[in-house]
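Encoded as structure tokens, the structure appears first; notes follow it.
This is a predicted model, so every value here is computed, not measured.
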Amino acid sequence: MTTVIDRGTDGPRTHALVIGVGLYPHCRNDIHDGPDAALARQFTTLTAPPLSALEVTRWLLAEQLDEETAPLGSIELLVSGNADQTVTTPDGTVTVDSPTYPAVEAAFDRWRSRCDANEGNVAFFFFSGHGCAKGKQYLPLEDVGRRPGSFFSDAIELDSLVHGMGRNRASVQTYFIDACRMVPAELLDKYEINARSLLDSHLVTARRDAPVVYSTVSGEVARAVEGRPSPFTEAMLQALSGSAAAQPNGRWEVTTDRLVSAINRIRAWHGDPEQLTEYGLGTQVTGRTIRRLKGMPQVPFRLGCNPREALLEAQLSLLVPFSDQVAFERRPEPRVWEGSTDAQVYGFRAAFGPGRYVDSTKAFPLWPPNYECDLDVLPHHDDAGGLGSDANG
């Protein structure tokens, strides 16, 4: 089965469809010939997508189950057999199906129906696996290539799926696509790509907030690390956990309009600045709330001194807002101070005692997703190489 958890459709809820494709058993040279054989060779076995899908599922069960605005209502999960296909939930252990087209189609119909039950619902869609594009985005499922001569008949055509959900009553719909967006040369000769949309689309759609968040920009490959969830997935979950939160009405909320900027800053923070996340073309984003945090978000920080060598003498501290009370401190070290703490307005102080530098303090807002700052410190006059009354001769 693919239904991991089902808490019903009463009231606004988050309903998730999570897909991780790592196996492509029909993409073999002995099945295809010509351009399709070359295309099939590109759909190799992947380890990151199933792990990413399982990580997303675990996050939903841990973080969204009792969320205030739209608690978790259901999860439909499909992952390839090269990952553990069992998931432990509050209701027991579930073995999930592989992401073949028939299984995905059935799971999609259940997901769509649940999403349509309440206007306050959040529809959550996540796909990880191979991907490609030619004007539109295509998401190959596990049985892609099953029919020689119609290579993509077991792939999802994403643009039509998103547009088709335009009449669904869920007013917030989030689509996270962790897949490549390049155009294989073998697609250029195809007049029509026979992928499927999963449902009909209409010219007139309802007003909704429906961001399509791609793990990479158009024409690029989505990078991943062998044997672990993808960097995009990890950054996405960090953003949803609070790094994409703002405080518009006195409460910390994750909103649709902050997702991409937060994910990109998180990825750059972890040393991946060139793999850019972006909203899909024509994405509808109005800043609706996805989830409301129970407390303050945690904000990673990197704090140092300018000049850097002053760190060897600096007693660094974060001060409680609007006071001289020390909340956290660090002894002198040559490295930048790295840590994380609650989002607040802090004072950042570098104290040197009888050292070569003058004590310095700066107030700053430690807001999500992360914060980096070098505090400018000045040398004492007697260590400033002649600065002071004798500086001009």
Is the positively charged end of R291 above the ring of W252, judged by distance under 6.0 angstrom from the centroid and angle within 45° of the axis? no
Would R267 count as a cation-pi partner of F232, with NZ or CZ less than 6.0 Å from the six-membered ring centre and within 45° of the ring normal? no
Under 3.5 Å, side chain of S215 to main-chain N/O of A222, donor-acceptor pair present? no
For the pair S201 (side chain) and G164 (backbone), establish whether a donor and an acceptor sit closer than 3.5 Å, ignoring hydrogens and angles. no
Partner residues of A170 under the side chain to side chain contact (heavy atoms under 4.5 Å, CB included) criterion, sequence neighbours left out: C115, N121, A123, N168, Q173
With a 4.5 Å cut-off on side-chain heavy atoms, are [Y] and [X] touching?
X    : Y    : answer
H26  : P140 : no
I75  : L17  : no
S80  : S98  : no
L199 : F108 : yes
L78  : V96  : no

When you look at F176 and F126, which way does the ring pair (Phe, Tyr, Trp, His ring centres under 6.0 Å) test go after all the steps? CA-CA 5 Å; F176 297 98; F126 175 85; 7.2 Å; no
Does the plane of the ring in Y346 sit parallel, tilted or perpendicular to the ring in F364? Use 30° and 60° as the thresholds. tilted
Is the ring pair Y175/W111 parallel, tilted or perpendicular, if the boundaries are 30 and 60 degrees? perpendicular
Salt-bridged, [X] to [Y], with N to O below 4.0 Å?
X    : Y    : result
D66  : K294 : no
K136 : E157 : yes
D36  : K190 : yes

Nearest 0.5 Å, please: how far is [atom2] in [Y] from [atom1] in [X]?
X    : Y    : atom1 : atom2 : value
T174 : M236 : OG1   : CE    : 8.5 Å
D10  : N118 : CG    : CG    : 9.0 Å
T100 : L23  : OG1   : CG    : 12.0 Å
R302 : S340 : CZ    : OG    : 12.0 Å
R349 : S360 : CZ    : OG    : 11.0 Å

Test applied, side-chain contact (heavy atoms from CB on, under 4.5 Å); reference residue, I19; option that passes from V79, L139, V104: V104
Pick one: which of L54, V94, T2 meets side-chain contact (heavy atoms from CB on, under 4.5 Å) with L77? L54
Hey, can you pull the donor-acceptor pairs under 3.5 Å for the side chains in residues 310-319, sequence neighbours left out?
residue	atom	partner	partner atom	Å
E313	OE1	R356	N	3.1
E313	OE2	R356	NE	3.1
Q315	NE2	E329	OE1	3.4

According to the salt bridge (Lys or Arg N to Asp or Glu O under 4.0 Å) rule, which pairs have a member within [range], sequence neighbours left out?
range            : answer
residues 246-255 : E68-R251, E253-R292
residues 216-231 : R223-D272, R228-E234
residues 170-183 : R181-E278

According to a hydrophobic-cluster definition based on side-chain heavy atoms being under 4.5 Å apart (Ile, Leu, Val, Met, Phe, Trp, Tyr only), do [X] and [Y] belong together?
X    : Y    : result
F127 : L198 : yes
I290 : I266 : no
L187 : Y214 : yes

Taking side-chain hydrogen bond (donor to acceptor under 3.5 Å, both in side chains) as the definition, give me every residue that meets it alongside D6, ordered by chain and number, with sequence neighbours left out. none
Greater than 12 external heavy atoms within 6.0 Å of [X]'s [atom1]:
X    : atom1 : answer
E119 : CD    : no
D324 : CG    : no
L188 : CG    : yes

Distance-only polar pair, side chains of D257 and T255, donor-acceptor under 3.5 Å: yes
Indicate whether the side chain of S150 and that of N194 have a donor and an acceptor atom separated by less than 3.5 Å. yes
For [X] and [Y], I'd like to know if the aromatic rings sit close, meaning centre-to-centre distance below 6.0 Å.
X    : Y    : value
F301 : Y371 : no
Y138 : F151 : no
Y24  : H130 : yes

Verify salt bridge (Lys or Arg N to Asp or Glu O under 4.0 Å) between R114 and E76, making sure each step is shown before the conclusion. CA-CA 11 Å; R114 295 188 191 112; E76 295 287 333; 2.9 Å; yes
Between R13 and G73, the two heavy atoms sitting closest are CD-CA, 3.6 Å
Scanning both residues in full, the closest heavy-atom pair of Q137 with A179 reads NE2-CB, 4.5 Å
